[in-house]
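Step one of this worksheet: look at the structure below.
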There are 2 protein chains.
Amino acid sequence: METIAARAATQPKKKSEKKSAAAAYCPVRDVLHHLSDKWSMLVIRELGTQPVLRFNELKGAVPGISQKMLTTTMRKLEQNGMVRRTVFPQIPPRVEYALTPLGHEFHGHLTKLMQWACNNSAQIVGSRARK
Amino acid sequence: METIAARAATQPKKKSEKKSAAAAYCPVRDVLHHLSDKWSMLVIRELGTQPVLRFNELKGAVPGISQKMLTTTMRKLEQNGMVRRTVFPQIPPRVEYALTPLGHEFHGHLTKLMQWACNNSAQIVGSRARK
DNA sequence: CCGAATCCAGCGGGATACTG
DNA sequence: CAGTATCCCGCTGGATTCGG
């Protein structure tokens, strides 16, 4: 894995690459940017538990999310190859969501991180209390 | 670890708890909320690589961050027990940042996730291209 | 049932200037 | 050097309404 510092150090000195080469692409930043919104990780968590969920099931599983944000989030996750979206053309409509293999891999890492967060949340919250 | 669904399922059916009991505390959501901003994870990554960094060293290591956001981010990470902040009362000022043991644990999990992100970014970006 | 389309408030966060 | 202090813009995302 490359660090940001290392990447910055290896940047050739092109003068005036359009508008400052601050756009140096970094895969970590890119992936992080697309997953660190308010709902993505929570949705992935639910889809990692349940193998397949319908729209309203997801909505019920993630308290507080609006239809708008759920739709937006699912579309983005689909774009990023994390989620497979299956539409059943019928009345009433039926849409099912499931993690892709890629999504499952991500969920594996995420799960450990969340488990850790759960175990240490007391200490984290405790840190906020002092001063 | 508790899932949101499980937590939601155990919610008693109080009708009209002020304004819907959406405030049900969830440690995962709490921790995620405090770490999924634009810069926190990137800073933690750098501090995981380097054992200790001064303010401007960090600023240089995370391209694009402003002093304002770096200060804000570091204060929040300190609040959450992720980072230890050491001030040397001298002129010119000198402030050093380092991960706490808690921060190192988090960094461990985060590193694996970022490594994965690096290895699969091509596939993720590829997914975005189609349609 | 699963959205799309608006409208709009809040705040994340960038630019800039000042301070000890 | 390592911050504060303002100003202010844009996007996130909540509420609501309409549609197939």
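Atom set for the values below is all heavy atoms of this structure, side chains included, hydrogens, waters and symmetry mates excluded.
Heavy atoms of Phe88(B) sit nowhere under 4.0 angstrom from any nucleic acid atom.
Look at Glu78(A) and Lys76(A) and you find no salt bridge, because none of the NZ, NE, NH1 or NH2 atoms lies under 4.0 Å from a carboxylate O.
Across the protein-nucleic acid pair, Tyr97(B) atom OH and dA2(D) atom P stand 8 Å apart, rounded to whole Å. If you take NZ of Lys68(B) and C1' of dG3(D), they are 13 Å apart, rounded to a whole angstrom. Atom C1' of nucleotide dA2(D) and atom CZ of Arg85(B) are separated by 9 Å, given to the nearest angstrom. Rounded to an integer number of Å, the gap from Leu70(A) CG to dG13(D) P is 13 Å. Residue Lys38(A) contributes atom NZ, which lies 13 Å from atom P of dT12(D) at whole-angstrom precision. For Phe55(B) and dC1(D), the CZ to C1' distance is 9 Å, given to the nearest whole Å. The separation between Met69(A) atom CE and dT12(D) atom P is 8 Å, rounded to whole Å. Atoms CG (Asn56(B)) and P (dG3(D)) sit 9 Å apart, rounded to a whole Å.
Glu105(A) CD to Asn119(B) CG: the interatomic distance, rounded to the nearest 0.5 Å, is 9.5 Å.
First and last contacting nucleotides of DNA chain C toward chain A (any atom under 4.0 angstrom from a heavy atom, 5' to 3' order): dC1(C) to dC7(C).
With Thr73(A) contributing its side chain and Trp39(A) its backbone, the two residues share no donor-acceptor pair below 3.5 Å. For Thr111(A) (side chain) and His107(A) (main-chain N/O), a donor-acceptor pair under 3.5 Å exists by modelled atom type. Under the 3.5 Å distance criterion, the side-chain polar atoms of Asn120(A) are left unmatched by any main-chain donor or acceptor of Gln123(A).
Counting only N and O atoms by type, the side chains of Arg84(A) and Thr86(A) include a donor and acceptor under 3.5 Å apart.
Val95(A) and Ile91(A) are assigned to two separate hydrophobic clusters, defined by single-linkage of ILVMFWY side chains at heavy-atom distances under 4.5 Å.
Of the two residues contacting DNA chain D, namely Pro92(A) and His33(A), the nearest-nucleotide position lying further toward the 5' end is that of His33(A). Nearest-nucleotide positions on DNA chain D for Glu57(B) and Ser66(A) put Glu57(B) closer to the 5' end.
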